[in-house]
Amino acid sequence: NKIYKCRIVKLADFGAFVELEPGLTALLHQSQLSWTKKNASAKKMFKLHEMIDVVIQEIDETKRRVAVSYKLTQDNPYQKMSELHPIGSVDEAEVVSKNEYALFVKFNDIPDIQCFQHINDLTFSNNAEQELDKYKKGDKIKVQVMEIQTEEQKVRVSHRATLTDPFSFFKEKEKGGTITCKVISTDNKSLTV
């Protein structure tokens with residue numbers, strides 16, 4: 001759990017090998033390169049013989065292995081997220097991308113983290129797909145932070161949580177009470193009001 005300077009002696013697809021001192025090398029696994037990039041590449045991040053800081057994570061004397069981490073020398077953006085945008089806070093986010101069931105958004109002050117906005121958390125109405133279609137990359141959206149999983153590196157937000165629930169209209173109403181409403185449409189069997 002201390003920071004040490006080391007030299008990169010080999011780059012591989014699964015990470016890098018670093019030399020802590022002559023004759024003592026350690027594995028810097030791909031999973032320990034970045035807080036936010038799932039498949040970070042040591043070959044793209046570092047150069048051979050480059051000096052970097054690492055934190056020793058594990059020393060296994062029986063297997064004669066040492067595991068180190070580069071990301072632990074950096075600030076954890078998920079901790080920062082908890083401080084700047086705690087659970088329950090509401091703020092404006094920017095749409096980064098979308099797929100058929102979600103938007104991915106980011107906050108300007110923590111651009112490395114993409115927050116997950118599920119289609120069902122966009123609106124109270126039953127037209128979630130139509131609501132999703134309204135958004136494109138670069139659009140702004142007001143969201144509430146619902147969940148921050150630091151270890152799993154996940155943040156879930158909800159636009160719907162910032163809206164007034166239409167059913168709150170019935171909060172002060174009683175079953176059997178009389179209300180006045182406007183007819184929107186009719187068919188052979190019913191009225192929609």
Can you say whether the rings of His159 and Tyr135 are parallel (under 30°), tilted (30 to 60°) or perpendicular (over 60°)? perpendicular
Can [Y] be reached from [X] by stepping across I, L, V, M, F, W or Y side chains whose heavy atoms are under 4.5 Å apart?
X	Y	value
Leu33	Leu72	no
Ile141	Phe107	yes
Leu163	Val157	no
Leu27	Val9	yes
Met51	Ile56	no

Just checking, is any N or O donor in the side chain of Gln30 or Gln32 under 3.5 Å from an acceptor N or O on the other one? no
Ignoring hydrogens and angles, state whether a donor on the side chain of Asn99 or Ser97 is under 3.5 Å from an acceptor on the partner side chain. no
Can you list the steps and then say if Leu122 with Gln117 is a side chain to side chain contact (heavy atoms under 4.5 Å, CB included)? CA-CA 7 Å; Leu122 274 175; Gln117 160 67 71; 3.8 Å; yes
Separation of [Y] [atom2] from [X] [atom1] (nearest 0.5 Å):
X	Y	atom1	atom2	result
Lys171	Asp165	NZ	CG	9.5 Å
Met146	Arg160	CE	CZ	8.5 Å
Asp75	Asp112	CG	CG	11.5 Å
Ile87	Ile148	CD1	CD1	5.0 Å
Leu28	Phe17	CG	CZ	10.0 Å
Asp121	Thr162	CG	OG1	10.5 Å

Intermediate values then yes/no, side chain to side chain contact (heavy atoms under 4.5 Å, CB included), Glu19 and Leu24: CA-CA 6 Å; Glu19 188 177 62; Leu24 178 59; 6.0 Å; no
Does CD belonging to Glu174 count more than 12 external heavy atoms closer than 6.0 Å? no
Is it the case that atom CG in Asp109 sees more than 12 heavy atoms from other parts of the structure closer than 6.0 Å? yes
Is the shortest side-chain N to carboxylate O distance from Lys140 to Glu94 below 4.0 Å? yes
Check ion pair Lys43-Asp13 (N to O, under 4.0 angstrom): yes
For the residue pair [X] and [Y], establish whether any side-chain heavy-atom pair is separated by less than 4.5 Å.
X	Y	value
Ser69	Gln57	yes
Phe169	Ile179	yes
Met81	Cys115	yes
Cys6	Ile52	yes
Val155	Glu147	no
Leu20	Val66	yes

Quick one: does [X]'s side chain have a donor or acceptor within less than 3.5 Å of a partner on [Y]'s backbone?
X	Y	result
Arg65	Ala26	no
Lys98	Leu132	yes
Gln74	Ser34	no
Asp60	Lys63	yes

Would you sort out whether Glu131 and Lys134 count as a salt bridge (charged side-chain N to carboxylate O under 4.0 Å, His left out), showing the intermediate values? CA-CA 5 Å; Glu131 190 68 22; Lys134 293 179 184 177; 3.1 Å; yes
For salt bridge (charged side-chain N to carboxylate O under 4.0 Å, His left out), just list the numbers for Lys142 and Asp91, CA-CA rounded to whole Å, side-chain angles, deciding distance to a tenth of an Å, and then say yes or no. CA-CA 6 Å; Lys142 188 176 178 184; Asp91 210 337; over 6 Å; no
Distance to the ring centre below 6.0 angstrom and angle to the axis at most 45 degrees; does that hold for Lys80 and Tyr78? no
Would you please indicate if the ring centroids of Phe124 and Phe167 are separated by under 6.0 Å? no
Tell me who clusters with Val183, hydrophobic residues only, linked when side chains sit under 4.5 Å apart either directly or through other members. Leu191, Val193
Let me see the working for Val90 and Val143 under side chain to side chain contact (heavy atoms under 4.5 Å, CB included), right down to the final yes or no. CA-CA 6 Å; Val90 175; Val143 295; over 6 Å; no
